[in-house]
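The block underneath contains the structure these notes are about, expressed in structure tokens.
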Amino acid sequence: MKPARSRFAPSPTGYLHVGGIRTALFAWLVARRSGGQFILRIEDTDRARHVAEAEQHIIKSLRALGLAFDEGPDIGGPFGPYRQSDRLDIYKTWAERLIQAGRAYADPYSPEQVEAFRKAAQAAKKPFLFREHRPAEPKPWDGTTPLRFLSEPKAHRWHDEVMGDLHTGPEVVDDFILIKSDGYPTYNFAHIVDDAEMHITHVIRGIEFVSSTPNFMNLYEALNLPVPIIASMPPILGPSGTKKLSKRDGAKDVLDYLRDGYLPDAFLSFIASLGWNDGTEQEIFTREDLIQKFSLARVHRAGARFDEKRLAWTNGIFIRQLPLDELFVTVQDFWPDEAKDAGDDYKRRVLALVQDRLKFAKELPELTRFFFTDLPVNPTLWQEHTQLKKLSSDELKTLLLQSRESLAASDFGLDDLTTRLNALLEQTQQKPAVLFSLIRIATTQAPFSPGLADTLAVLGKQVSLRRIDAMLATM
RNA sequence: GGCCCCGUCGUCUAGUGGUCCAGGACGUCAGGUUCUCAUCCUGAAGAUCAGGGGUUCGACUCCCCUCGGGGUCACCA
């Protein structure tokens, strides 16, 4: 496999959402898989939509997900600069070549005039084609008007790694703008120049560019440039299943998922599974699996819906597979406030008990709070418990007293606790559903918790007895 | 409207003419794992393969039409 040079070329207009990340991931995979380079290029030629902080935010997001780039605006590289606004003179040079070759001309119309042409075409239910209004003898371009490409309408055929073999007729080829009247190039022109100068081999981008690809082919020809490998990604859909996932549907900033405690690798595995699989029944992919098995040709052509439930499941799998020490590090910022004075050893023991229950790190506080603080006694917990509510208050109190007595003699080692709990079942002739529930509620005051013996062992003797006493006092 | 693309369980998907009265996973439901929650295990429901025509001995797979959805037709990317 030849080393590929792929790039991710976002427009800095806001944060990165799942669709953008998937495109970045696939481009990254193509590069890593082939031992090539992954390049970040900032396409900031639209001054109106430009958001100052967006570039840093995008870089941060990419790094946070472990999608490191080898060349980019902040780290440079052999073919920089990697920000289009810093490359204006380069586009001018290439534009000059086109002008010399008679393949570019000054647009003589005002925006209003062009708009009128467009309206007329629309009214006639015809596609708008600028070249139908091409001036017979254009004036020399002075840089104050748009510079247009002089296209040579013809049919185009090309291969898209994802979409397959595509072809269109000459009717879609038009004289698009190369350089805008503000001196900035359009995407259509700039990306082709940049990809050539940066020796990009794989152009991986959203499906919205498929219809303009014939125009790009026309430009490649005019510039005598080889056409890179092209791959168009289908959209990630919102809940409706028809529209692209939008902010309204909760297309969150990917950093938000990380803030909620989703693991980068889990997130990547899930995102990759949206439209891609390796043809086997494997559902979960590690980063290494992905690098090893990914191929553009196996990307589904249809759009895929974003399913948060499946994301949560995926994340749960990764959390459970993580060695405790690694999980401990990744959740360090998610502990409840009450845990701030707790020791690492204690926290580690708590974490071991909830590892199976964690879907994402942000759930940690609700799952573990009672390990760090005495929750207020909550009578509804046993008064409305399906098993416990069958017993009278006195019966419950007696049972709890008996339990306290036995636990008071325990060393609170797991073995001893297990033995005692079992003996208590014998002694009281109660089902675990009754006795264990009672002790569990008394010692946690929480609606749910890990296994009883485990919980008691971690809580320790002093805390456990104190909580039992607190409950007894209310009965 | 023109051009292009897409259409398999609720969801993500396997499937490239026969091994598919369509397989896996998520989700849902039921049962089991000494208590709750979760994990784990078992099982169930769930897709007339968008619809209709062909081609073929045989079509989810090939062709045509229809329907539905999407993209595009910007001095946005």
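We name chains A, B, ... by the order of the sequence lines, and we start the count at 1 in each one.
- Every residue two or more places apart in sequence or in another chain was checked for a salt bridge (charged side-chain N to carboxylate O under 4.0 Å, His left out) with A:Arg205, and none qualifies.
- Note on residues 301-312 of chain A: pairs passing salt bridge (Lys or Arg N to Asp or Glu O under 4.0 Å), not counting sequence neighbours, are A:Glu283-A:Arg310.
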Going by atom type alone, with no hydrogens or angles, which donor-acceptor pairs under 3.5 Å involve a side-chain atom of residues 432-439 of chain A and a protein atom two or more places apart or on another chain?
unit_1: A:Ser437; atom_1: OG; unit_2: A:His385; atom_2: NE2; d: 3.4
unit_1: A:Ser437; atom_1: OG; unit_2: A:Ala433; atom_2: O; d: 2.6

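- Applying the ring-ring contact (aromatic ring centres under 6.0 Å, His included) test to every pair with at least one member in residues 163-188 of chain A, sequence neighbours left out, gives these pairs: A:Phe149-A:Phe176, A:Tyr187-A:His191, A:Tyr187-A:Phe209.
- Proximity of residues 161-177 of chain A to RNA chain B (heavy atom under 4.0 angstrom from any strand atom) is restricted to A:Met163, A:Leu166, A:His167, A:Thr168, A:Glu171, A:Val172, A:Ile177.
- Within residues 365-385 of chain A, no residue approaches RNA chain B, by heavy-atom distance under 4.0 Å.
- Residues passing the salt bridge (charged side-chain N to carboxylate O under 4.0 Å, His left out) test with A:Lys139: none are found, sequence neighbours excluded.
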Got a list of protein N/O to nucleotides 9-15 of chain B N/O distances below 3.5 Å?
unit_1: B:U11; atom_1: OP1; unit_2: A:Arg305; atom_2: NH2; d: 3.0
unit_1: B:C12; atom_1: OP1; unit_2: A:Arg305; atom_2: N; d: 2.9
unit_1: B:C12; atom_1: O2'; unit_2: A:Ser273; atom_2: O; d: 2.9
unit_1: B:U13; atom_1: OP1; unit_2: A:Gly275; atom_2: N; d: 2.7
unit_1: B:U13; atom_1: O3'; unit_2: A:Asn277; atom_2: ND2; d: 2.7
unit_1: B:U13; atom_1: O2'; unit_2: A:Asn277; atom_2: ND2; d: 3.4
unit_1: B:A14; atom_1: OP1; unit_2: A:Asn277; atom_2: ND2; d: 2.9
unit_1: B:A14; atom_1: OP2; unit_2: A:His300; atom_2: ND1; d: 3.2
unit_1: B:G15; atom_1: OP1; unit_2: A:Arg298; atom_2: NH1; d: 3.1
unit_1: B:G15; atom_1: OP1; unit_2: A:Arg298; atom_2: NH2; d: 3.3

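- Listed by first then second residue, pairs satisfying side-chain hydrogen bond (donor to acceptor under 3.5 Å, both in side chains) with a partner in residues 443-452 of chain A read A:Arg440-A:Ser449, not counting sequence neighbours.
- Residue pairs meeting the salt bridge (Lys or Arg N to Asp or Glu O under 4.0 Å) criterion with at least one member in residues 109-126 of chain A, sequence neighbours excluded, are A:Glu115-A:Arg118, A:Glu115-A:Lys119.
- Residues passing the salt bridge (charged side-chain N to carboxylate O under 4.0 Å, His left out) test with A:Asp86 are A:Arg83, sequence neighbours excluded.
- Within residues 415-426 of chain A, the residues approached by RNA chain B to less than 4.0 Å at the level of any non-hydrogen atom are A:Thr418, A:Asn422, A:Leu425, in residue-number order.
- Rounded to a whole Å, the CG atom of A:Asp195 is 14 Å from the C1' atom of B:A77.
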